[in-house]
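Notes follow once the structure below has been shown.
One-based numbering along the sequence shown.
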Amino acid sequence: MEVVGLLCVTVAVLTWAFLWVWDSSERKRTPEQAVLPGAGSRTLLVIAHPDDEAMFFAPTILGLARLKHRLSVLCFSAGNYYNQGEIRKKELLQSCDVLGIPPSCVMIIDNRDFPDDPGVQWDTEQVASVLLQHIEVNGINLVVTFDAGGISGHSNHTALYAAVRALHSEGKFPKGCSVLTLQSVNVLRKYLSILDLPWSLLRGQDVLFVLTSEEVAWAKKAMSCHHSQLLWFRRLYLLFSRYMRINSLHFLSSHEEFSDLRNKGKQ
């Protein structure tokens with residue numbers, strides 16, 4: 001038991017030390033700069049519900065802000081599952097404002113085609129059509145959304161991935177527009193908070209965003225704008241979820257599409 005305790009303390013100390021170094025003067029010169037589009041790029045975050053931007057993507061939003069990207073948000077529902085749609089729209093705008101995205105850059109789709117309901121599978125072609133039109137009209141260079149796992153497995157999250165995958169496989173994205181998907185991890189890693197950092201560094205990814213302590217405070221402030229959603233278990237989420245500190249992302253590729261099809265065939 002003493003050995004286990006010592007190992008836990010050692011891991012915690014090493015992680016704290018790494019974070020301290022990350023927070024130091026070199027923290028802004030992060031690896032993601034080598035592979036992402038440069039300053040001024042138009043980046044679109046595609047989410048399913050109000051609060052997705054803060055619960056899952058805050059490290060990406062704040063990391064891209066460091067790189068001077070021009071960020072906008074496309075939300076495919078008003079989050080009306082409990083008839084709180086109007087409240088949640090306002091909360092999304094407030095949260096995005098905290099994260100540096102003005103209301104004019106946030107579009108919320110509120111119609112019956114895309115209900116906030118884990119029991120409803122959104123039509124892939126409809127989602128793809130709306131998304132592609134938004135990308136073309138706004139000259140988007142980079143799209144960021146969920147991966148095949150949808151972080152929580154919510155069907156609305158995975159529907160967004162299905163749409164971007166379809167557009168990518170059919171070659172419909174405009175030239176120069178790439179797609180980043182947020183990596184889903186297992187439940188244990190999901191709630192390790194900053195202790196997941198060593199695993200995130202060792203695991204392969206195309207882009208890794210790690211927030212500084214100051215940025216974590218902004219991420220939590222953004223999530224706190226979603227008053228209607230701050231039930232007790234989401235308060236615990238704020239404390240323990242890696243997604244409040246760490247985002248590891250992959251560029252959508254033909255290899256990933258093949259892997260998805262192969263995994264589906266095994267089910």
Show your reasoning for whether side chain to side chain donor-acceptor pair (under 3.5 Å) applies to Gln183 and Ser248. CA-CA 6 Å; Gln183 181 185 14; Ser248 44; 2.7 Å; yes
Under the side-chain contact (heavy atoms from CB on, under 4.5 Å) rule, what do His69 and Arg42 come out as? Steps first, then yes or no, please. CA-CA 6 Å; His69 279 220; Arg42 294 178 180 270; over 6 Å; no
Report the C-alpha separation of Phe76 and Val130 in whole Å, then their side-chain angles, then the decisive distance to 0.1 Å, and conclude whether the side-chain contact (heavy atoms from CB on, under 4.5 Å) test is met. CA-CA 9 Å; Phe76 267 83; Val130 172; 3.9 Å; yes
Take Leu36 and Leu142, measure what side-chain contact (heavy atoms from CB on, under 4.5 Å) needs, and give me the verdict at the end. CA-CA 9 Å; Leu36 285 170; Leu142 177 66; 4.0 Å; yes
side-chain contact (heavy atoms from CB on, under 4.5 Å) evaluation trace for Asp110 with Ser77: CA-CA 5 Å; Asp110 186 8; Ser77 82; over 6 Å; no
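The CZ atom of Phe240 lies 14.0 Å from the CD1 atom of Ile194; values are rounded to the nearest 0.5 Å. Taken from CZ in Phe173 to CG in Leu167, the straight-line distance is 4.5 Å, to the nearest 0.5 Å. Atom-to-atom distance recorded for Leu64:CG and Leu99:CG is 11.5 Å, nearest 0.5 angstrom. Atom CG in Leu192 sits 12.5 Å away from atom NZ in Lys190 (nearest 0.5 Å). Annotation: the span from Arg70 atom CZ to Ile101 atom CD1 amounts to 13.5 Å, rounded to 0.5 Å. The CD atom of Gln126 sits 4.5 Å away from atom CG of Asp113, with the distance rounded to the nearest 0.5 Å.
In this structure, Glu125 places its CD atom where only 12 or fewer heavy-atom neighbours from other residues, nucleotides or ligands lie under 6.0 Å away. Heavy-atom neighbours of Glu170 CD from other residues, nucleotides or ligands within 6.0 Å: above the threshold of 12. In Lys172, the NZ atom is not crowded: 12 or fewer heavy atoms of neighbouring residues, nucleotides or ligands sit closer than 6.0 Å. Heavy-atom neighbours of Lys90 NZ from other residues, nucleotides or ligands within 6.0 Å: at or below the threshold of 12. Applying the 6.0 Å contact sphere to CZ of Arg234 captures more than 12 heavy atoms from other residues, nucleotides or ligands.
Counting heavy atoms from C-beta on, the side chains of Phe209 and Ile61 never come closer than 4.5 Å. Asn141 has its side chain out of reach of Ser178: every pair of non-hydrogen atoms, C-beta onward, lies at least 4.5 Å apart. With a 4.5 Å cut-off on side-chain heavy atoms, Cys177 and Ile135 count as touching. The shortest distance between side-chain heavy atoms of Gln229 and Arg88 falls below 4.5 Å. Side-chain contact between Trp199 and Val185 is absent, with no heavy-atom pair separated by less than 4.5 Å. In this structure, the side chains of Leu208 and Val210 come closer than 4.5 Å at one or more pairs of heavy atoms. Two residues are said to be in side-chain contact when any heavy atoms from C-beta on lie closer than 4.5 Å; Val143 and Leu180 fail this criterion.
Formation of a donor-acceptor pair under 3.5 Å by the Ser95 side chain with backbone atoms of Ala222 is found in this model. Under a 3.5 Å cut-off, the side chain of Asn80 and the backbone N or O of Gly85 do form a donor-acceptor pair. Side-chain atoms of Ser241 do not come within 3.5 Å of backbone N or O of Tyr237 as any donor-acceptor pair. Between the side chain of Ser41 and the main chain of Thr43, no donor-acceptor pair closer than 3.5 Å is present. A side-chain donor-acceptor contact under 3.5 Å links Ser155 to the backbone of Val120. In terms of modelled atom types and a separation under 3.5 Å, the side chain of Arg242 and the main chain of Tyr191 share no donor-acceptor contact. Judged by distance alone, the side chain of Asn156 and the main-chain N or O of Ala48 form no donor-acceptor pair under 3.5 Å. Ser224 places a side-chain N or O within 3.5 Å of a backbone atom of Lys220 that can act as its donor or acceptor partner. Between the side chain of Glu91 and the backbone N or O of Ser228 there is at least one donor-acceptor pair closer than 3.5 Å. The main-chain N or O of Val46 is found under 3.5 Å from a side-chain atom of Thr145 such that the two form a donor-acceptor pair.
Note on Trp218 and Leu239: same hydrophobic cluster, where clusters join Ile, Leu, Val, Met, Phe, Trp and Tyr whose side-chain heavy atoms are under 4.5 Å apart, directly or indirectly. Leu93 is not connected to Ile87 by any chain of hydrophobic side-chain contacts under 4.5 Å among Ile, Leu, Val, Met, Phe, Trp and Tyr, and they are in different clusters. Tyr81 and Leu92 end up in different hydrophobic clusters when Ile, Leu, Val, Met, Phe, Trp and Tyr side chains are linked at under 4.5 Å. No chain of hydrophobic side-chain contacts below 4.5 Å, direct or via other Ile, Leu, Val, Met, Phe, Trp or Tyr residues, connects Leu197 to Leu202. If you chain together hydrophobic residues whose side chains sit under 4.5 Å apart, Val187 and Leu182 fall into the same group.
Note on residues 41-66: pairs passing ring-ring contact (aromatic ring centres under 6.0 Å, His included), not counting sequence neighbours, are His49-His154, His49-His157, Phe56-Phe146, Phe56-His157, Phe57-Phe146.
A salt bridge is absent between Arg245 and Glu215; no separation between the charged side-chain nitrogens and carboxylate oxygens falls under 4.0 Å.
Donor-acceptor pairing under 3.5 Å is recorded for the side chains of His226 and Glu53.
What you find for Val164 and Leu252 is that their closest heavy atoms are O-CD2, 3.7 Å. Residues Leu230 and Met223 come closest through the heavy atom pair CD2-O, 4.0 Å. Of all the heavy atoms in Leu71 and Cys105, the pair that sits closest is O-CB, 3.7 Å. Among all heavy-atom pairs drawn from Cys96 and Val73, the shortest one is SG-CG2, 4.1 Å. Nearest heavy-atom pair across Asp147 and Ser184 is OD1-OG, 2.6 Å. Looking at every heavy atom in both residues, Leu132 comes nearest to Pro174 through CD1-CD, 4.2 Å.
Looking at Asn138, Ile47, Leu131 one by one, the single match for side-chain contact (heavy atoms from CB on, under 4.5 Å) with Leu74 turns out to be Leu131.
A search for side-chain hydrogen bond (donor to acceptor under 3.5 Å, both in side chains) contacts involving Arg189 returns Asp196, Ser200, not counting sequence neighbours.
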